[in-house]
Amino acid sequence: GAGVSQSPSNKVTEKGKDVELRCDPISGHTALYWYRQSLGQGLEFLIYFQGNSAPDKSGLPSDRFSAERTGGSVSTLTIQRTQQEDSAVYLCASGYGTVYEQYFGPGTRLTVT
Amino acid sequence: GQQVMQIPQYQHVQEGEDFTTYCNSSTTLSNIQWYKQRPGGHPVFLIQLVKSGEVKKQKRLTFQFGEAKKNSSLHITATQTTDVGTYFCAGGDGTASKLTFGTGTRLQVTL
């Protein structure tokens, strides 16, 4: 079946504008994660959804960042009043089962000018 | 909070040489996973280790989990150009499946 998909693949926005990034996880996966990866850097955890439980928002860097997961499936990461330091690749991953290996999407490259 | 460091940050080897990356956690881990990210790509799951002292092999790759479950290593024997990429370890803290990713080791292999 299809893997994790993300849209858009690239987004260029002006400083101060809001952006929405979308993630479609693999069907049936109960866990969904958002990460941020700056150029040549590691993966910075942002937020984690597991089934119907309250999300773990401990990685969100500021209150400008928020995320929703509707119907236990699609997720949207919203960044309000974007700043240049928000420029990065935003990766979504989903998982299911005892191993809980994470399947990553191709990412959204966000550039804030 | 939990921190996971990897060394080296970068290694350049000639094809056929061996390569090892080390992963160290500030806290005891419940499990550790390894991922590979090719240049321009996204991380892809390689393996998970759960038991203290566990060793697993995948062809030329050997993964170890330390006795104290605070460190791990990935060893590649006789590297090939297809091994190029960044290798990340990711440690679990025992909660439902949240991982802390390591800083990554970028491997470059030349002929």
Side-chain angles (χ1 to χ4, degrees), chain A residues 2-7 9-10 21 23-26 29-61 67 72 88-109, chain B residues 1-11 21-26 29-51 54 56 58 63 65 84-108:
Chain A
V4 177
S5 61
Q6 292 186 245
S7 61
S9 55
N10 279 284
L21 311 180
C23 172
D24 282 88
I26 294 172
H29 279 195
T30 56
L32 187 146
Y33 313 79
W34 282 98
Y35 297 91
R36 179 167 71 174
Q37 186 172 36
S38 300
L39 187 62
Q41 302 299 308
L43 280 77
E44 176 188 3
F45 166 78
L46 297 177
I47 189 169
Y48 158 55
F49 297 89
Q50 174 61 272
N52 295 321
S53 302
D56 178 347
K57 304 179 182 180
S58 59
L60 295 178
V89 174
Y90 289 81
L91 290 161
C92 173
S94 68
Y96 178 77
T98 55
V99 174
Y100 274 100
E101 65 187 83
Q102 297 187 18
Y103 294 82
F104 283 82
T108 293
R109 181 175 299 277
Chain B
Q2 184 181 63
Q3 292 187 343
V4 181
M5 303 296 294
Q6 284 182 252
I7 54 170
Q9 283 189 314
Y10 171 76
Q11 187 152 7
T21 172
Y22 299 92
C23 175
N24 295 287
S25 171
S26 59
L29 301 170
S30 61
N31 61 301
I32 195 151
Q33 297 184 358
W34 284 90
Y35 291 77
K36 176 183 178 182
Q37 185 175 24
R38 292 183 186 273
H42 55 273
V44 174
F45 174 82
L46 294 177
I47 207 160
Q48 172 166 271
L49 304 171
V50 178
K51 300 177 183 176
E54 189 170 12
K56 287 188 176 180
Q58 288 181 348
F63 304 83
F65 200 7
V84 165
T86 301
Y87 292 84
F88 292 99
C89 63
D93 62 2
T95 60
S97 54
K98 180 181 169 183
L99 298 172
T100 299
F101 277 79
T103 46
T105 295
R106 185 161 72 92
L107 173 64
Q108 179 64 33

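In the text below, chain A, chain B and the rest are named by the order of the sequence lines, each starting its count at 1. Fair warning: this is a prediction, and the values are worked out from it, not measured in the lab.
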Keeping Tyr35(B) on the side-chain end and Glu101(A) on the backbone end, is there a donor-acceptor pair under 3.5 Å? no
Chain B heavy atoms under 4.5 Å from Gln37(A): which part of the residue, side chain, backbone, both or neither? side chain
Please classify the contact of Ser58(A) with chain B as side chain, backbone, both or neither, using a heavy-atom distance under 4.5 Å. side chain
Got more than 12 heavy atoms from elsewhere within 6.0 Å of OH, Tyr103(A)? no
Does Gln58(B) CD have over 12 foreign heavy atoms under 6.0 Å away?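 Yes, because the 6.0 Å sphere around CD of Gln58(B) holds more than 12 heavy atoms from other groups.
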Answer key: most heavy-atom pairs under 4.5 Å with chain A among Arg106(B), Gln9(B), Gln37(B) is Gln37(B)
Less than 4.5 Å to any heavy atom of chain A: does that hold for the side chain of Gln6(B), its backbone, both, or neither?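 Contact with chain A is absent: no heavy atom of Gln6(B) under 4.5 Å.
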Answer whether the closest heavy-atom distance between the side chains of Gln102(A) and Phe101(B) falls below 4.5 Å. yes
Going by heavy atoms in the side chains, are Phe88(B) and Leu43(A) under 4.5 Å from each other?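 Yes, side chains in contact.
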Any chance you could measure Leu99(B), atom CG, to Tyr35(A), atom OH, to the nearest 0.5 Å?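 It is 5.0 Å, given to the nearest 0.5 Å.
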About how many Å separate OG1 of Thr86(B) and CD of Gln41(A), when rounded to the nearest 0.5 Å? 10.5 Å
Are Phe45(B) and Phe104(A) close enough that their ring centres sit under 6.0 Å apart?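 No, the ring centres sit 6.0 Å or more apart.
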